[in-house]
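Inspection log for the structure reproduced underneath, given as structure tokens.
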There are 2 protein chains.
Amino acid sequence: MDSEELRNAGLKVTIPRLKILSLLENSAERHMTAETVYRLLAEGGEVIGLATVYRALAQFEAAGLITRHHFDSGQTVYELERGPHHDHIVCIRCGRVEEFYDKVIEERQREIAASLGFTLSDHALTLYGECNSPDCPGHQG
Amino acid sequence: MDSEELRNAGLKVTIPRLKILSLLENSAERHMTAETVYRLLAEGGEVIGLATVYRALAQFEAAGLITRHHFDSGQTVYELERGPHHDHIVCIRCGRVEEFYDKVIEERQREIAASLGFTLSDHALTLYGECNSPDCPGHQG
DNA sequence: TGCTCAAACGATAATGATTCTCAATATAGA
DNA sequence: TCTATATTGAGAATCATTATCGTTTGAGCA
């Protein structure tokens, strides 16, 4: 249960935190901005202060429950830490985000960091391009 | 000359733009925030409005003269587009930025995008870790 | 179950980065 | 040089995020 996750993370179990965690777990969209979390909760009748949303997201991130990404588009999104590590590809037209994992790239990153004298602790790889989904506004045909 | 670059970019040649471009070309530090550009110019006796700095950087980026990066640390930096493409590794302690290029990673990215149905137009890869420079505050020994 | 207190909440003020507004000024071309 | 237009600078406005602070709530215990 979500209560467990919060307790394990050393966080007090509160209604707002449970609602936010639940939203992150049950939404079709895995990548959300703080604003989006706030809005979706409000639309679902759960009005939680925006400050609380930001606080909770920061705490969840510190606890390792979620991950934060700064895309070059400028938007900051949060995503539930679930399953193995992966990177992202973002459509520059419709904003759709897909995930991928590539073993070769992961390995090369470690080697590169080592060769430059760095102890690698994290990385961010995001590809940008045009998706060819029929729903994408840039889709031809 | 810089005037050429501006003209080629379709931008009117003005004093502020020349100063900013010159700073980017002649500074030891290749990665700067808008604030930094503003401050360095001011320290050099060239007081250029902050709004103008932001505008010029945005125009230079649109013209392809410089590139903007949003690091996960939150800072937005600009860098002169010079020489071949490269990615970055940032020290999480001292903020030092190094560049690198890896052919294997570049190729894998294209393949991945294609396999996901995207037409790749750009990418951002940043590694985060601890550098082992003697000047880094986290350096041991 | 009720009590107590620190932690968390929500509203809103504050902050920091970036963009916009607009009157004054500078540039490119005739 | 003159003119039309683009650019500049100062400061207001905006946007995302964080801090403040009085009120409320959760967790442990009698």
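Below, read A as the first sequence line, B as the second, and so on, with proteins coming before strands; counting in each chain starts at 1. In this text, all values refer to a predicted model and were calculated from it rather than measured experimentally.
- Under 3.5 Å, the side chains of B:Gln75 and B:His31 contain no donor-acceptor pair of N or O atoms.
- When the C1' atoms of four end pairs are superposed on the next four at each end of the helix from C:dT1-D:dA30 to C:dA30-D:dT1, using five pairs per end, the two resulting axes differ in direction by 40°, to 10°.
- Distance, B:Leu6 CG to C:dA28 C1': 14 Å, rounded to whole Å.
- In this structure, A:Gln75 atom CD and D:dC15 atom P are separated by 16 Å, rounded to whole Å.
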Q) Going 5' to 3' along nucleotides 21-30 of chain D, which nucleotides have protein heavy atoms under 4.0 Å from the base (write B), which only from the sugar-phosphate (write S), and which from neither (write -)? A) -----SS---
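- The distance from atom CD of B:Glu35 to atom C1' of C:dT15 is 13 Å, rounded to the nearest whole Å.
- Residues B:Glu106 and B:Asp87 are in side-chain contact: their nearest non-hydrogen atoms beyond the backbone lie under 4.5 Å apart.
- With distances taken from any side-chain atom of B:Ile48 to the nucleotides C:dA11, C:dC9, D:dG9, the minimum falls on D:dG9.
- For the residue pair A:Glu130 and B:Thr119, no side-chain donor N or O sits within less than 3.5 Å of a side-chain acceptor on the partner.
- Between the CD atom of A:Glu61 and the C1' atom of D:dT18 there is a distance of 15 Å, given to the nearest Å.
- The phosphate of D:dT17 (OP1 or OP2) has a side-chain N or O of A:Tyr54 nearer than 4.0 angstrom.
- Minimum atom distance to the side chain of B:Ala51 is reached by D:dA10, of the listed D:dT7, D:dT17, D:dA10.
- For the OP1/OP2 pair of D:dT17 and a distance below 4.0 Å, the side-chain nitrogens and oxygens of A:Thr76 include at least one atom meeting the criterion.
- You'll find the side chain of A:Arg17 reaches within 4.5 Å of the side chain of A:Phe60, heavy atoms only.
- Counting heavy atoms from C-beta on, the side chains of B:Leu127 and A:His123 come closer than 4.5 Å.
- Note: CZ (B:Arg17) to C1' (C:dT25) measures 14 Å, nearest angstrom.
- Note on ring orientation: taking the six-membered ring where Trp is involved, the planes of B:His69 and B:Phe71 are parallel (angle under 30°, cut-offs 30° and 60°).
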Q. Under the side chain to side chain contact (heavy atoms under 4.5 Å, CB included) criterion, do B:Arg108 and A:Arg108 qualify, and how do the steps go?
A. CA-CA 11 Å; B:Arg108 289 297 296 151; A:Arg108 288 297 294 150; over 6 Å; no
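- Between the OH atom of A:Tyr78 and the P atom of D:dA16 there is a distance of 13 Å, given to the nearest Å.
- B:Thr76 is listed as a side-chain neighbour of B:Arg68, based on a closest heavy-atom distance under 4.5 Å.
- Computed from coordinates, the A:Leu50 CG to C:dA11 P distance equals 10 Å when rounded to whole Å.
- Under the 4.5 Å side-chain criterion, counting only non-hydrogen atoms from C-beta, A:Tyr78 is not in contact with A:Val53.
- Note: NE2 (A:His69) to C1' (D:dA16) measures 19 Å, nearest angstrom.
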